[in-house]
Asks: 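Here's a structure for you.
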Amino acid sequence: MKNRIAIYGAYGHTGKFIVSELYRQGYKNLILSGRDQEKLVLLNQEYPDLKIQAASIHDPKTLDDAFSGAEIIINCAGPYLDTAEPIIKSALRLGSHYIDLTAEQKPVLDIFEQFSEQAKNDKILIIPASAFYGGLADLLSTALTHDWNQIDEINVYIGLDSWHPTKGTRLTGDRNHYKRLTFKDNRLQELEASPSQEWDFKSPIGIKEVVALPLSEIITISRHLNVSSVNTYLSQNSLNDLRNDDTPEPKAVDSKNRSSQQFCVDVVATKDNQIRIITAQGQDIYAVTAPLVVEGINRILSGRVKKTGVTTMGEVYDAADFLQALDEDDIEISAIKESQLN
C-alpha cells in the first residue's frame, strides 16, 4: 500500500499532467482510473508499468475495487457536482485521503457540510479545490497574511492572455447552474452585479479589463482566514474566450505539453492602512495544477500537514514554504510587497 496513489479521470487533460508529474517525481505505484476503459487502455500504452482500472461513480463497488490499497485518491474528473460525493464516500470507506481540483463553489460547500465530522474522526484528509483555481489563491492569501490575525479584505486578480477551455471545463460550466457567492461583511452572499474595472498585471499580460467572478477560492479562503471580505476578478478577455463556442482546446507547444497560455495572479490584502501584494506567474493554468497537487502529495506522505479532516491547501500546508518549494519553470512567486494606503 505504501505511497500508492489513485488518479480518477487520469486520461483527462489535467489528469494527464498529474500522472506525468507523479511519474517524473518517481511515483510508480499508481492506479490509473476513470469511467472509460478504452481511454485507460490508450493511456496505459504510455505507462505500461502502471495499473489501470475502470470505475463508475454510479457503482460504489467498482470505485472501491479501483481504489483498493490507495493511500491517496486524486479526483480529476469533473463536474465535481457529480463526482466528488461518490469518490469521497469510497475514500472514507477505504481509509484513503482525497484531493480534487474543483473550481466550483457548490461542491466545496457540500464537502465541508457532509464530510467534515467523519473525516476528522477517521483522521482522513479531504482537500477540495487543490488546483490553479481555488488552491493557488488560497496558498497565496495565506502566505501573504501569515502574521495578521485579522484581515479587512483580500482581492484576487486573475489575468490570462487567453483561455482555450478543455471539454471538461465546458461540461462543468454547462452543469453548474448555482448562483455565485462572494464573501462580504464576514459572510457568504450572492454576488451582486458590479461594473468592470481595469487592473495592471505584469508583463506579458499587461492592463486588462477585469470582472467579478468568484470561484472556489472564495470558499476555501473564508473557511480559515479571519477576513471580512474576499473577491475574485478575472480578465474579461479570457471570459470571452471561454464563452465563445468556437474557441479551440489547448494545444501543446513545449516538452511538458503545456499550451502557450500565460497567467498572472495578483493577491492584494489590506488591514487598517497596510496593503500587501503577492504575485504568481506562469504558463498554462491546467498544467500548473500538476505541480501544485504533487507538492501537496509529497507533504501528505512525509507528514508535513497541520491537521486532518476536510480542509484547504492554505490551511493544511505551510503556505509560504509550499510556494517556495515550487519550481520556477512551473510557477514564479514574487516576494511580498508592503506599503501604506493613502
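This one's a predicted model, so the numbers in the text were calculated from it and none came from an experiment.
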Asks: Can you name the side chain to side chain contact (heavy atoms under 4.5 Å, CB included) partners of I207, sequence neighbours left out?
Replies: E198, D200
Asks: Using the test side chain to side chain contact (heavy atoms under 4.5 Å, CB included), find all partners of D110 that sit at least two apart in sequence or belong to another chain.
Replies: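 With sequence neighbours excluded, D110 shows a side chain to side chain contact (heavy atoms under 4.5 Å, CB included) to K106, Q114, given in chain and number order.
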Asks: Report yes if the side chains of L234 and W163 come closer than 4.5 Å at any heavy-atom pair, otherwise no.
Replies: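 They are in contact (side-chain heavy atoms under 4.5 Å apart), so the answer is yes.
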Asks: So S216 and E104, do their side chains get closer than 4.5 Å, heavy atoms only?
Replies: no
Asks: Can you tell me if R180 uses its side chain to pair, donor with acceptor, with the backbone of P214 under 3.5 Å?
Replies: yes
Asks: Is there side-chain contact between K51 and N29, with heavy atoms separated by less than 4.5 Å?
Replies: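 They are not in contact (no side-chain heavy atoms under 4.5 Å apart), so the answer is no.
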Asks: Tell me, please, which residues at least two apart from D49 pass side chain to side chain contact (heavy atoms under 4.5 Å, CB included).
Replies: Y23, K28, Y47
Asks: Would you name the heavy atoms of A66 and A55 that are closest together and state the gap between them?
Replies: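 The answer is CB-CB, 3.9 Å.
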Asks: Does atom NZ (K120) have a neighbourhood of more than 12 heavy atoms from anything else shown, all under 6.0 Å?
Replies: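 No, because the 6.0 Å sphere around NZ of K120 holds 12 heavy atoms or fewer from other groups.
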Asks: Taking NZ, NE, NH1 and NH2 as the nitrogens, is one of them in K271 or D147 under 4.0 Å from a carboxylate oxygen of the other?
Replies: no
Asks: Taking ring pair (Phe, Tyr, Trp, His ring centres under 6.0 Å) as the test, write out the residues that go with F115, two or more places apart.
Replies: none
Asks: Would you sort out whether D241 and S162 count as a side-chain hydrogen bond (donor to acceptor under 3.5 Å, both in side chains), showing the intermediate values?
Replies: CA-CA 7 Å; D241 287 344; S162 63; 4.8 Å; no
Asks: Does NZ belonging to K307 count more than 12 external heavy atoms closer than 6.0 Å?
Replies: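 Yes.
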Asks: Pair Y286, F132 - check ring pair (Phe, Tyr, Trp, His ring centres under 6.0 Å), show working.
Replies: CA-CA 7 Å; Y286 298 106; F132 173 83; 8.9 Å; no
Asks: Any side-chain heavy atom of E117 sitting closer than 4.5 Å to one from V310?
Replies: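 They are not in side-chain contact.
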Asks: Is there side-chain contact between L341 and Q274, with heavy atoms separated by less than 4.5 Å?
Replies: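 Not touching, per the 4.5 Å side-chain cut-off.
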Asks: Measure the spacing between CD1 of I73 and CD1 of I88 and express it to the nearest 0.5 Å.
Replies: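 So the CD1 of I73 and the CD1 of I88 are separated by 9.5 Å.
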Asks: Show the nearest heavy-atom pair for residues F67 and S90, with the distance to one decimal.
Replies: CD1-OG, 3.4 Å
Asks: Between K306 and D318, is there a side-chain N and carboxylate O pair less than 4.0 Å apart?
Replies: no
Asks: Among I218, I151, N155, find the one that has a side chain to side chain contact (heavy atoms under 4.5 Å, CB included) with V230.
Replies: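 Output: one option passes, namely I218.
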Asks: Determine yes or no for a side-chain-to-main-chain donor-acceptor pair under 3.5 angstrom, with S141 supplying the side chain and D138 the backbone.
Replies: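 The answer is no, because no donor-acceptor pair under 3.5 Å joins these two groups.
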Asks: State, to 0.1 Å, how close P86 and L63 come at their nearest heavy-atom pair, and which atoms those are.
Replies: O-CD1, 3.7 Å
Asks: Per the side-chain hydrogen bond (donor to acceptor under 3.5 Å, both in side chains) rule, what does the pair list look like for residues 260-270, sequence neighbours excluded?
Replies: W199-D266, D266-T279
Asks: So, taking the atom named CD1 in I124 and the one named OG in S96, what distance separates them when rounded to the nearest 0.5 Å?
Replies: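 The distance works out to 7.0 Å.
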Asks: Using distance alone, with no hydrogens and no angle criterion, decide if T102 and D100 have a side-chain donor and acceptor under 3.5 Å apart.
Replies: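 Side-chain D/A pair, T102 to D100: absent.
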Asks: If you measure only the distance, is there a donor-acceptor pair under 3.5 Å linking the side chains of Q53 and D65?
Replies: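 Q53 vs D65: no donor-acceptor pair found between side chains.
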Asks: Does any donor atom in the side chain of Q25 or N298 lie under 3.5 Å from an acceptor atom in the other side chain?
Replies: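 N298 and Q25 do have a side-chain donor-acceptor pair below 3.5 Å.
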Asks: Measure the spacing between CG of L292 and CD1 of I18 and express it to the nearest 0.5 Å.
Replies: 9.5 Å
Asks: Does a side chain donor of either S259 or D284 reach within less than 3.5 Å of an acceptor in the other side chain?
Replies: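 A donor-acceptor contact under 3.5 Å links the two side chains.
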Asks: Verify salt bridge (charged side-chain N to carboxylate O under 4.0 Å, His left out) between D59 and R35, making sure each step is shown before the conclusion.
Replies: CA-CA 11 Å; D59 187 339; R35 292 166 273 208; over 6 Å; no
Asks: Run the side-chain contact (heavy atoms from CB on, under 4.5 Å) test on L239 and L213 for me, step by step, so that the C-alpha distance in whole Å, both residues' side-chain angles and the decisive distance to 0.1 Å come before the verdict.
Replies: CA-CA 9 Å; L239 204 52; L213 193 82; 4.1 Å; yes
Asks: I'd like to check the ring pair (Phe, Tyr, Trp, His ring centres under 6.0 Å) partners of F112; sequence neighbours left out, ordered by chain and number.
Replies: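 For F112 there are no ring pair (Phe, Tyr, Trp, His ring centres under 6.0 Å) partners, ignoring immediate neighbours.
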Asks: Just by modelled atom types, is the A77 backbone N or O under 3.5 Å from a matching donor or acceptor in the T83 side chain?
Replies: yes
Asks: Within the side chain of S20, is there an N or O that forms a donor-acceptor pair under 3.5 Å with the backbone of F17?
Replies: no
Asks: Would you indicate whether the side-chain heavy atoms of L225 and T145 approach each other to under 4.5 Å?
Replies: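 Answer yes - side chains close enough.
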Asks: Where do I7 and C76 come nearest, in terms of heavy atoms and distance?
Replies: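 Scanning both residues, the minimum pair turns out to be CG2-SG, 3.7 Å.
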Asks: Is there a donor-acceptor contact under 3.5 Å from the side chain of S56 to the main chain of H58?
Replies: yes
Asks: I need the full list of salt bridge (charged side-chain N to carboxylate O under 4.0 Å, His left out) pairs touching residues 37-47, with sequence neighbours left out, sorted by first then second residue.
Replies: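 Not a single pair qualifies under salt bridge (charged side-chain N to carboxylate O under 4.0 Å, His left out).
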Asks: Once side chain to side chain donor-acceptor pair (under 3.5 Å) is applied, do any residues pair with R24, and if so which ones, sequence neighbours excluded?
Replies: E21
Asks: Under the salt bridge (charged side-chain N to carboxylate O under 4.0 Å, His left out) criterion, do E71 and R4 qualify, and how do the steps go?
Replies: CA-CA 5 Å; E71 202 164 340; R4 195 162 208 190; over 6 Å; no
Asks: Determine yes or no for a side-chain-to-main-chain donor-acceptor pair under 3.5 angstrom, with D152 supplying the side chain and D272 the backbone.
Replies: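 Between the backbone of D272 and the side chain of D152 there is a qualifying donor-acceptor contact (under 3.5 Å).
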Asks: Do I300 and I99 come within less than 4.5 Å of each other through their side chains, counting heavy atoms only?
Replies: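 Of all side-chain heavy-atom pairs linking I99 with I300, at least one is under 4.5 Å.
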Asks: Suppose the criterion is salt bridge (charged side-chain N to carboxylate O under 4.0 Å, His left out): which pairs have a residue in residues 182-191, not counting sequence neighbours?
Replies: none
Asks: How would you list, by chain and number, every residue that makes a ring pair (Phe, Tyr, Trp, His ring centres under 6.0 Å) with F183, sequence neighbours excluded?
Replies: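 None.
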Asks: Within a strict 4.5 Å, meaning less than it, do heavy atoms of the L215 and Q105 side chains meet?
Replies: no
Asks: Rounded at 0.5 Å granularity, tell me how far OG in S33 sits from CG in L43.
Replies: 11.0 Å
Asks: How long is the gap from CD1 on I127 to CG on L101, to the nearest 0.5 Å?
Replies: 11.5 Å
Asks: Establish, from distance only, whether the side-chain atoms of Y98 and N75 form a donor-acceptor pair under 3.5 Å.
Replies: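 Checked: Y98/N75 side chains pair up, N/O donor to acceptor below 3.5 Å.
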Asks: Have E209 and S196 got a donor and an acceptor in their side chains that come within less than 3.5 Å?
Replies: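 Present: a donor and an acceptor within the cut-off.
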Asks: Could you check whether Q150 and N226, counting side-chain N and O atoms only, form a donor-acceptor pair closer than 3.5 Å?
Replies: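 Per modelled atom types, N226 and Q150 side chains form no pair under 3.5 Å.
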Asks: Nearest 0.5 Å, what's the CG-CD1 distance between D64 and I87?
Replies: 11.0 Å
Asks: Going by the rule salt bridge (Lys or Arg N to Asp or Glu O under 4.0 Å), which residues pair with D321 if we only count those two or more places apart in sequence or in a different chain?
Replies: R299
Asks: For Y80, what residues pass the ring pair (Phe, Tyr, Trp, His ring centres under 6.0 Å) criterion, not counting sequence neighbours?
Replies: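 Counting only residues at least two positions away or on another chain, Y80 forms no ring pair (Phe, Tyr, Trp, His ring centres under 6.0 Å).
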